[in-house]
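Heavy atoms only: backbone and side chains are in, while hydrogens, waters and symmetry mates are out. We name chains A, B, ... by the order of the sequence lines, and we start the count at 1 in each one.
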Protein chains: 2
Amino acid sequence: MRKRYTTIKDIARVLGISVATVSRALRDSYDVRPETRKKVLDVATELNYKPNFNATGLVRQSTHNIGVIIPTITNYYFSTVITGIQEVAQRNDFNIILYITNDSPENEIRIVKNLSLSSLDGLLACVSSQTNFYTHFQDLIDDGLPVVFFDRVVPTIHTSKVMQDDFNGAFMAVETLIKSGYNKIAHITGPKGLQLTDNRLLGYYAALDQYGIASYPEWVIHSGFSQKDGEEDALKLLGGERVPDAIFAVNDRKAVGAILALKRNAIKVGEEIGVIGFTNDPISEIVSPTLSTIAEPAYEIGLKSCELLLKHIRKSHFEAQEVILESRLIQRESTIRSISRQSS
Amino acid sequence: MRKRYTTIKDIARVLGISVATVSRALRDSYDVRPETRKKVLDVATELNYKPNFNATGLVRQSTHNIGVIIPTITNYYFSTVITGIQEVAQRNDFNIILYITNDSPENEIRIVKNLSLSSLDGLLACVSSQTNFYTHFQDLIDDGLPVVFFDRVVPTIHTSKVMQDDFNGAFMAVETLIKSGYNKIAHITGPKGLQLTDNRLLGYYAALDQYGIASYPEWVIHSGFSQKDGEEDALKLLGGERVPDAIFAVNDRKAVGAILALKRNAIKVGEEIGVIGFTNDPISEIVSPTLSTIAEPAYEIGLKSCELLLKHIRKSHFEAQEVILESRLIQRESTIRSISRQSS
DNA sequence: GATCTACATGTAAACGTTCTCGTAACTATT
DNA sequence: AATAGTTACGAGAACGTTTACATGTAGATC
């Protein structure tokens, strides 16, 4: 049974003063006598007063809510980003409302179309991997809702974006493979059209170019981001005409999938085929052999995205910004050619 | 720059009718002529009308928000639970507002104290592992806010709870170890006072009892839930007077920690010391040897919790319910005594 | 043709705040 | 003592909806 909660009116009645004064006492300090203020505050805590955000939101034309649209949260990267977002939001008294698209464009569109600036102060979004119409986001932006994209950003929309340095990360990954003695390097990556996919692919080509190493179209496989996709891609590479001696995966899940597939085919990972991933998912330390990878600043991406969004919310004319955070190489067993492997 | 959005008044003005009629046309179907209704709907879509939830919330005394309090989301179990929650919430047009406590009682208390039934229709909560005062939750319930606990539930609070069958899961886990030939079985578990910890511990003792197997106090180690805790606990067991030949871990993260620690000490997992976990985290298939475990119905726990909460929200006198979902055994390599181990 | 009923719509209060204005009571200035 | 300025507070509108109640119109009933 829902009880009636304490309102500003209750406090006013108890003290025999007006609601206006109570409101001021609760918020501003000016224009109200210290003693009055104290009395109000005392009664407020005594009656366990909590502001009604519907009411404040209605009059101030703002909720303290920011929406977060994300393909999935059951993976290290995204859940860490959200943790970062949440951290900043909490510090600034903003709530985060979570929308999970399950990486489906239909869900994404349905969700976004239902959003409005009457229920949200701003939006943080990571688009689903198969989305290619972005008008639903553009509409929201045109309506005046501040939007910041992260990780999977939309190139054609002008707004703030936060991502890791995909190009240099990929470059480092491939360079590491080359320096470790691999020279038939394949790349299993995400769907086309995603800026992240493009940039990592570009980094891959750039590194090959710089070291004068050949690549073949069949060595670049576009598919999804899951572990299963990684397994399938690896099998495809193994079954091809030219079998590579190293695989650069667009993320650690795919890299792990590839490692599992290779192991099942009795291929010694590292020794025969090197594998490097991208993310620094904790599984990269658990899989055997442990996985070399490019560490993404997931938490920082969350922090930065949310900070940027808050700036947009607070200054209506804050200029859109693109933030690129550094990635860094972590070398483990999967890119080392003859290691004294630890037992199993 | 935030634009003014379309309101019900705009629609009324365009059509020269009253806001009441527009409101009715938008919601009920009765008491408004079909043609009028159609005109309203047409204008609404044309002007891209979206209801202002602050306003509706204010008058209906309800937001469509449910809060979710959770220690962390960067792990398989919790992120999957949330995905389940989100699924039901979305289907029922409820938003979920996410609060992450980082497993800290101070954060939890601060967050809960700021909550109120003017901003939330209900709350789903999983308490932090070190919390032992629960008055902050009780206060909220006393205020009339529907609360459903999941996983880590609070025994002393009367409200709906959803959890997996911890007792039987633990029983199965230990039974499996026994049937695989282990008989010096240790248990590394979570903090005392948590119902989940207690129930799994009880299941552990019950299985040992049933098979007439001895246990020793030093074989039951209470600590945190992290992988690191698992490593430390395992080392403690190895360094003890009586070294066990099997470890039942309260969750997969700790089990993985234990496996890693054992491997570093050149102990053959499975062969020499069996390990079984709890959760069925995807890492359990990736770690080597693969980890036997008790699969928790994480997604279903999310679904069920949210469904239950919605019932509480909709029926103010809905009776509190305790739901216990089944866990099931998944046997892999870590509990098999001599396996033809796959290459590394 | 008067009354009754049903239907479709309008009027206005209410939800809990914030905030602009107005104003009484002081204090300061001359 | 008259005036101006300051301080602390109140009145009331506004935010966008919903909803109880009132009202007007049309057809049905006698």
For C:dG16, does OP1 or OP2 lie under 4.0 Å from any side-chain N or O of A:Lys50?
no

Modelled atom types, side-chain donor and acceptor of B:Tyr134 and B:Glu108, under 3.5 Å
no

Contact under 4.0 Å: B:Arg27 side-chain N or O vs D:dT18 OP1/OP2
yes

From the options D:dC9, D:dT17, C:dT9, select the nucleotide whose nearest atom is closest to the side chain of B:Thr56.
D:dT17

With sequence neighbours left out, write down each residue that passes side chain to side chain contact (heavy atoms under 4.5 Å, CB included) with B:Ile17, or none if nothing qualifies.
B:Leu15, B:Thr21, B:Val22, B:Thr36, B:Val40

What I want to check is whether the side chains of B:Asp10 and B:Tyr49 have a donor and an acceptor closer together than 3.5 Å.
no

Salt-bridge present (B:Glu87, B:Arg91; N to O < 4.0 Å)
yes

For atom CD of B:Glu35 and atom P of C:dA8, their distance in whole Å:
9 Å

Quick check: on DNA chain C, is the nucleotide nearest B:Val59 upstream (toward 5') of the one nearest B:Pro34, or the reverse? Name the residue that is more 5'.
B:Pro34

Of all the choices, D:dT18, C:dT18, D:dC9, which nucleotide is nearest to the side chain of A:Val19 once you look at every atom?
C:dT18

Need to verify one output field. Residue with the more 5' nearest nucleotide on DNA chain D, A:Arg37 or B:Asn54?
A:Arg37

In whole Å, what is the span from the CD1 atom of A:Ile17 to the P atom of D:dT7?
20 Å

Can you check the A:Leu117 CG to D:dC15 P distance for me, whole Å?
15 Å

Are A:Asp42 and A:Lys39 close enough for a salt bridge, meaning some N to O gap below 4.0 Å?
no

Ignoring backbone atoms, test whether A:Ser23 places a side-chain nitrogen or oxygen under 4.0 Å from the OP1 or OP2 oxygen of C:dC19.
no

Between NZ of A:Lys9 and C1' of D:dG12 the distance, given in whole Å, is 12 Å

The helix from C:dG1-D:dC30 to C:dT30-D:dA1: angle between end helix axes, five pairs per end, rounded to 10 degrees:
60°

At under 4.0 Å, does any side-chain N or O of A:Ser18 touch on OP1 or OP2 of D:dG10?
yes

So, OP1 or OP2 of C:dC15: does either fall under 4.0 Å of a side-chain N or O from B:Arg60?
no

Which nucleotide wins on minimum distance to the side chain of A:Leu58, given the candidates D:dG16, C:dT18, D:dC9?
D:dG16

Heavy atoms from C-beta onward define the side chain here; which of C:dA12, C:dC19, C:dT17 lies closest to that of A:Ala20?
C:dC19

Does the pair B:Asp151 and B:Gln164 meet the rule for a side-chain hydrogen bond (donor to acceptor under 3.5 Å, both in side chains), with working shown?
CA-CA 7 Å; B:Asp151 189 45; B:Gln164 50 280 331; 2.7 Å; yes

Rounded to whole Å, please give me the gap between CG in A:Asp10 and P in C:dC15.
11 Å

A:Arg152 and A:Asp103 ion-paired at < 4.0 Å:
yes

Mind calculating the distance between CZ (A:Arg24) and P (C:dC21) to the nearest angstrom?
14 Å

Nearest-Å distance for atom pair CD1/C1', residues A:Ile8 and D:dA14
15 Å

Contact class for B:Tyr49 vs. all strands (heavy atom < 4.0 Å): base, sugar-phosphate, or nothing?
sugar-phosphate

Close side-chain approach of A:Phe225 and A:Leu194, heavy atoms under 4.5 Å
yes

Using a cut-off of strictly less than 4.0 Å, decide whether B:Gln61 has a side-chain nitrogen or oxygen near OP1 or OP2 of C:dG16.
yes

So what does B:Asn52 touch, heavy atoms closer than 4.0 Å: a base, only the sugar-phosphate, or nothing?
sugar-phosphate

So which one's nearest nucleotide on DNA chain C is more toward 5', A:Leu26 or B:Ala55?
B:Ala55

Expressed in angstrom and rounded to an integer, what is the separation of B:Asp31 atom CG from D:dA20 atom P?
11 Å

